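Chain letters run A, B, ... following the sequence lines, proteins first, then strands; residues in each count from 1. Fair warning: this is a prediction, and the values are worked out from it, not measured in the lab.
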Amino acid sequence: MRLTLRLGGGFVLALIYGFILLPLVVVFASSLTAGELMQFPPQGLSLRWFARFFADQALMQALGLSLQVAAITTVIVTVIGTMAALAHRALNGWSKRWLRTGLLLPLLLPELLTSIGLLFFLYRIGLGKTLVGLQIAHAVVTLPFAFVSIVAALDQLDPALEDASNSLGASAWDTFRRVVLPLVRGGIVTGALFAFVTSFDMFTVSFLLKPIGGNTLPLALFDYLSYDYDPTAAAAAAVSVLLAIAGVVVIEKLVGLRNL
Amino acid sequence: MTEIRIAGLRKSFGGQPALVDVALDAAPGEMVTLLGPSGCGKTTTLRCVAGFLAPDGGDILVDGRSILDVPLRRRDFGVVFQNYALFPHMTAAENVAYGLRVRRIAAGEIARRVAASLEEVGLTGYGDRLPRTLSGGQQQRVALARALVIHPRLLLLDEPLANLDAQLRQEMRALIRAVQRRQGITAFYVTHDQAEAMASSDRVAVMERGRVAQFATPREIYQRPVSRYVAAFTGEASALAVTIRALGVPGRYTVALDDAQLEVSGAPGLRPGHRHFLMVRPQAVSFGASGLEGVVRDVAFFGATQQGEVALGDQRLRFVTDPNERVVAGETVHVRLDPAHAWLMPEAVA
């Protein structure tokens with residue numbers, strides 16, 4: 001009985017991992033092809049499509065813009081998300097519920113709806129089709145991810161620790177810096193990572209709000225695939241995945257994922 | 001040396017009164033214990049004093065000055081929490097140093113004071129350990145050192161021994177009392193354990209539903225409780241409904257229990273004809289050839305003692321006797337009460 005359960009569980013896990021990982025493997029593999037077409041299995045091995053990707057001006061600009069927007073989004077969202085999560089911890093009753101619902105709204109609404117709303121709003125305040133407008137939109141849409149992750153970490157924090165810190169004479173800032181921050185660091189880093197990845201991947205919002213003359217990587221790839229079907233796109237996708245993995249590795253080195 | 005006085009303290013949570021009218025005080029160097037079951041308001045009172053809660057009304061005076069407007073961090077009170085509340089990411093020494101560090105005290109002095117404080121609680125050599133690698137008792141010692149190292153004006157202890165096993169509890173109780181006495185710190189100690197309260201305090205406040213039911217020395221609380229509630233919370237006790245027949249010298253009464261008459265001590269100011277509860281500790285009961293007639297309901301052997309219950313008419317009386325005395329369930333006995341372990345309480349029979 002037990003063995004059956006374990007085998008069954010293992011099978012389900014294998015399926016889940018298979019569905020998540022197989023597409024990545026396929027894209028990776030096809031990016032390494034020596035042939036002219038994006039296909040699996042690849043025909044021969046070469047890095048020529050990576051060279052092609054890094055030589056493509058439009059895609060490079062898009063990658064740069066995506067990285068820039070994602071980085072700024074991460075900083076904004078991590079700071080605001082942390083402050084919002086602290087406010088959420090301090091509040092009670094209806095104000096707490098409204099704060100939470102309001103911040104999570106972009107997560108609950110279809111991205112298209114949020115985008116259209118933001119489009120109207122940004123035009124109205126004169127930021128339509130500008131980089132600042134796109135930046136604001138990315139922050140709004142990714143904030144819930146950071147907020148949820150930091151709130152979850154704060155929920156694990158024993159309130160008596162803050163009481164102890166305050167009673168020992170610490171200021172609010174000291175309590176935050178010396179007690180709260182070190183203990184919820186994992187949640188904040190996770191939130192930042194979510195924000196970065198979500199922003200880097202964002203399509204719908206960027207599509208409607210992209211600045212004139214600017215393209216993010218997902219949009220540039222979409223454009224590219226409309227005209228060409230060569231493995232450059234696969235190489236670009238592989239680079240995105242490698243960037244994400246690199247991010248996780250760096251964070252692992254910096255704070256240790258086991259603390260998350 | 002700090003003196004504290006609490007007057008008319010009130011606090012409600014969502015319309016539910018938690019403190020109705022709490023009045024307490026502690027003289028310099030005194031250890032006052034707040035005793036009561038959960039929900040009686042003892043922890044709420046302590047949290048108001050510490051500054052974690054703002055009372056709805058009343059005042060807390062420290063050395064004659066109200067502290068209600070003093071922010072928590074400026075009160076200079078050392079707090080020891082039930083779950084220790086040690087900072088898990090800091091070593092024992094860093095935990096103890098915390099209150100000094102946020103006061104921007106020089107590193108050399110911090111090191112000296114932390115070492116002295118760890119030594120005082122018997123943890124020399126444990127400074128580099130993280131809390132999770134320490135036992136419960138050791139963690140509580142760190143918490144005590146952390147609270148004391150800042151030279152607090154007041155020491156507040158919230159059920160500090162609740163998470164420890166019986167033997168450690170006794171050891172920690174003695175340590176806390178010794179340190180508190182040595183440093184002459186005024187202290188409030190919250191507990192629901194009557195043995196803890198009796199053994200380690202100068203005065204005990206028994207709390208009942210947001211009020212102080214009685215506030216006196218452990219001896220007085222035990223020997224002269226004001227109500228059945230207080231009597232039951234300070235040890236085993238029976239309460240017999242009796243009628244006052246006559247007054248003797250002040251504090252002495254002749255009371256009637258069924259058709260028997262007894263001479264007892266009691267709270268002053270009770271009036272003849274009224275019915276009150278007579279508190280009788282089990283050790284007040286002895287058996288002889290004459291006295292109140294009762295039937296042994298139940299008796300159990302405990303090794304050092306035997307304990308049981310006698311029915312006097314429709315009232316019940318707990319007793320404890322020498323294990324070799326012959327007491328048999330179902331037999332009729334004559335009960336005598338030692339007046340030193342009985343007390344006529346002001347609580348009237350409804």
Side-chain angles (χ1 to χ4, degrees), chain A residues 82 85-99 149-192 251-260, chain B residues 13-14 43 46-53 67 70-90 94-105 110 117 130-131 139 142-160 163:
Chain A
T82 303
L86 288 172
H88 179 261
R89 180 178 174 78
L91 290 174
N92 270 315
W94 65 268
S95 51
K96 183 181 191 121
R97 282 197 298 279
W98 278 104
L99 176 69
S149 158
I150 300 168
V151 163
L154 278 173
D155 281 346
Q156 301 293 312
L157 187 70
D158 180 0
L161 294 181
E162 288 161 90
D163 284 346
S165 171
N166 294 330
S167 74
L168 287 165
S171 63
W173 172 245
D174 266 330
T175 298
F176 175 71
R177 188 168 62 94
R178 294 172 190 266
V179 176
V180 177
L181 192 58
L183 293 174
V184 301
R185 192 181 51 179
I188 292 178
V189 170
T190 312
I251 286 164
E252 160 71 34
K253 287 284 170 237
L254 286 180
V255 297
L257 279 180
R258 274 149 285 124
N259 293 336
L260 297 192
Chain B
F13 295 110
T43 295
L46 193 83
R47 292 181 66 79
C48 285
V49 175
F52 303 143
L53 284 175
I67 57 160
V70 179
L72 169 52
R73 58 181 287 241
R74 302 236 181 271
R75 290 191 185 185
D76 282 333
F77 295 166
V79 186
V80 177
F81 297 82
Q82 179 176 354
N83 65 355
Y84 321 131
L86 295 179
F87 306 124
H89 57 302
M90 298 181 195
E94 285 168 347
N95 265 282
V96 177
Y98 188 87
L100 303 175
R101 202 167 281 168
V102 298
R103 282 175 173 72
R104 315 277 184 252
I105 286 172
I110 292 182
S117 202
L130 282 173
Q139 291 185 39
V142 176
L144 184 63
R146 182 178 68 175
L148 289 170
V149 78
I150 61 170
H151 299 323
R153 296 205 288 161
L154 204 63
L155 183 62
L156 305 172
L157 304 122
D158 184 12
E159 304 254 9
N163 292 343

Side chain, backbone, both or neither: which part of [X] has an atom under 4.5 Å from a heavy atom of chain A?
| X | value |
| --- | --- |
| I150(B) | side chain |
| L156(B) | neither |
| R103(B) | side chain |
| F87(B) | both |
| N83(B) | side chain |
| R47(B) | side chain |

Just so I understand: if I count every heavy-atom pair under 4.5 Å between each of T175(A), N166(A), V179(A), L168(A) and chain B, which residue has the most?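 Among the listed options, the one with the most contacts to chain B is L168(A).
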For chain B, the option from A170(A), P182(A), A172(A) that forms the most heavy-atom pairs under 4.5 Å: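 The option with the most such pairs is A170(A).
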How about CZ on R97(A), more than 12 heavy atoms from neighbouring residues, nucleotides or ligands closer than 6.0 Å, or not?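 Open: at most 12 neighbouring heavy atoms sit under 6.0 Å from CZ of R97(A).
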Interface check, chain A: of A147(B), G78(B), G51(B), P88(B), most non-hydrogen pairs under 4.5 Å belong to P88(B)
Sequence-distant partners of R178(A), side chain to side chain donor-acceptor pair (under 3.5 Å), two or more places apart: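 So R178(A) forms a side chain to side chain donor-acceptor pair (under 3.5 Å) with D174(A).
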Taking all atoms of both residues into account, what is the closest heavy-atom pair of A85(B) and A164(A), and its distance? O-CB, 4.0 Å
Contact origin within D158(A) toward chain B - heavy atom pairs under 4.5 Å: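 Side chain only.
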Contact origin within L183(A) toward chain B - heavy atom pairs under 4.5 Å: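 For L183(A), the side chain is the part near chain B, not the backbone.
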Show, in sequence, the C-alpha distance, side-chain angles and deciding distance for S167(A) and R73(B), and conclude whether the side-chain contact (heavy atoms from CB on, under 4.5 Å) test is met. CA-CA 5 Å; S167(A) 74; R73(B) 58 181 287 241; over 6 Å; no
